[in-house]
Amino acid sequence: MVYANTSPIVKKYADEPGSAEVRDLIQRANVVGTCVLSRAQAAAAFAKAIRTGSLPSSGAEACHAAFSREWKHYVRIRITEALIARADHLAWSLRLRGYTAVHLAAALHWSERLGETVVLATFDRELWTAAGKAELEVFPARL
């Protein structure tokens, strides 16, 4: 099981450093989950790629369209009051940014619900470090 925050999801659709490894990880995973927050964050990342010129408009639109088509295949962890309370605790105790804490809380919640270890895939150094402290497996092995 792989929990992906937005960074590896974007790499799945847009060619960036690490994209090949992400695609391989996702292809090998039984299931890939993410927080519903990732939907808006991915759309914002593709839109930013147009604004900054890192992707042409047609390329970013193709990435967003592919992501939107495949959204239904992700296990989507909902944001609840309990999840936000846990994110609050994680943000405070680990000194995390807000959305970083939400993704960590979602990954931990999903792992506990499944009763098995979840690999947290991220290219966000803060989340990657916090996930290791929370005893989740992380991808990539080094960041």
Side-chain angles (χ1 to χ4, degrees), residues 1-55 59-143:
M1 305 290 177
V2 173
Y3 178 92
N5 86 320
T6 310
S7 58
I9 290 173
V10 169
K11 287 180 184 298
K12 178 184 180 198
Y13 300 98
D15 288 324
E16 301 178 350
S19 289
E21 294 82 1
V22 166
R23 291 177 189 130
D24 182 58
L25 174 72
I26 289 172
Q27 187 173 15
R28 289 183 287 114
N30 296 348
V31 178
V32 178
T34 192
C35 181
V36 295
L37 173 65
S38 294
R39 186 171 184 179
Q41 287 183 310
F46 298 133
K48 180 181 179 183
I50 295 170
R51 283 193 318 274
T52 63
S54 61
L55 279 177
E61 288 171 8
C63 290
H64 184 248
F67 167 70
S68 295
R69 276 192 312 276
E70 295 179 9
W71 177 248
K72 64 184 174 236
H73 299 295
Y74 292 93
V75 171
R76 296 168 309 276
I77 290 79
R78 294 179 185 196
I79 296 175
T80 63
E81 184 68 31
L83 187 86
I84 294 300
R86 187 170 197 177
D88 171 310
H89 170 75
L90 291 166
W92 181 255
S93 63
L94 298 175
R95 307 295 187 251
L96 301 175
R97 294 182 312 259
Y99 287 152
T100 300
V102 171
H103 278 293
L104 182 56
L108 290 167
H109 170 75
W110 192 39
S111 179
E112 291 161 2
R113 208 172 87 208
L114 293 171
E116 60 183 83
T117 302
V118 168
V119 175
L120 192 147
T122 186
F123 289 85
D124 177 309
R125 186 171 306 282
E126 183 182 34
L127 180 55
W128 187 89
T129 300
K133 288 179 183 175
E135 300 183 3
L136 289 172
E137 291 183 32
V138 290
F139 171 90
R142 287 186 299 277
L143 190 59

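What you see is a predicted model; the values in this text were computed from it and never measured.
Thr129 places no side-chain N or O within donor-acceptor distance of the main-chain N or O of Glu126, the cut-off being under 3.5 Å. Between the side chain of Ser111 and the backbone N or O of Glu116, at least one donor-acceptor pair lies under 3.5 Å. At least one donor-acceptor pair under 3.5 Å links the side chain of Ser19 to the backbone N or O of Ala14.
Side-chain contact between Leu94 and Leu104 is present, with heavy atoms from C-beta onward closer than 4.5 Å. In this structure, the side chains of Pro8 and Leu25 stay at 4.5 Å or more apart for every pair of heavy atoms. With a 4.5 Å cut-off on side-chain heavy atoms, Phe123 and Glu16 do not count as touching. Within the 4.5 Å cutoff, the side chain of Lys12 has no heavy atoms near those of the Phe67 side chain.
Contact between Ala45 and Val10 at its shortest, heavy atoms only, is CB-CG2, 3.7 Å. Pairing each heavy atom of Ala60 with each of Ile50, the nearest pair is CB-CG1, 3.3 Å.
We find the CE-CG distance between Met1 and Leu114 to be 5.5 Å, quoted to the nearest 0.5 Å. Remark: Leu55 CG to His64 NE2 distance equals 13.0 Å, nearest 0.5 Å. Taken to the nearest 0.5 Å, the CG atom of Leu96 stands 8.0 Å off from the CG atom of Leu127. How far CG of Asn5 is from CG of Leu37: 9.5 Å, rounded to the nearest 0.5 Å. In this structure, the separation between CD on Glu135 and OG1 on Thr117 is 10.0 Å, given to the nearest 0.5 Å. Interatomic distance, CD of Glu70 versus CD1 of Ile9, reported as 10.5 Å (0.5 Å rounding).
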With a cut-off of 3.5 Å and sequence neighbours excluded, list every side-chain donor-acceptor pair involving residues 75-83.
| from | atom 1 | to | atom 2 | distance (Å) |
| --- | --- | --- | --- | --- |
| Arg76 | NH1 | Trp71 | O | 3.4 |
| Arg76 | NH1 | Lys72 | O | 3.2 |
| Arg76 | NH1 | Tyr74 | O | 2.9 |
| Thr80 | OG1 | Ala82 | N | 3.4 |
| Thr80 | OG1 | Leu83 | N | 3.1 |

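The side-chain hydrogen bond (donor to acceptor under 3.5 Å, both in side chains) contacts involving residues 20-29 comprise Asp15-Arg23, Asp24-Arg28, where partners must be two or more places apart or lie in separate chains.
Partners of Glu137 by side chain to side chain donor-acceptor pair (under 3.5 Å), not counting sequence neighbours: none found.
Side-chain atoms of His103 and Tyr3 include a donor-acceptor pair closer than 3.5 Å. Remark: the Thr122 side chain and the Asp124 side chain contain no N/O donor-acceptor pair separated by less than 3.5 Å.
Across Leu136, Leu120, Val138, a single residue satisfies side chain to side chain contact (heavy atoms under 4.5 Å, CB included) together with Trp128, and that is Val138.
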Inset, instruction - Show your reasoning for whether side chain to side chain contact (heavy atoms under 4.5 Å, CB included) applies to Val2 and Phe139. - result: CA-CA 9 Å; Val2 173; Phe139 171 90; over 6 Å; no
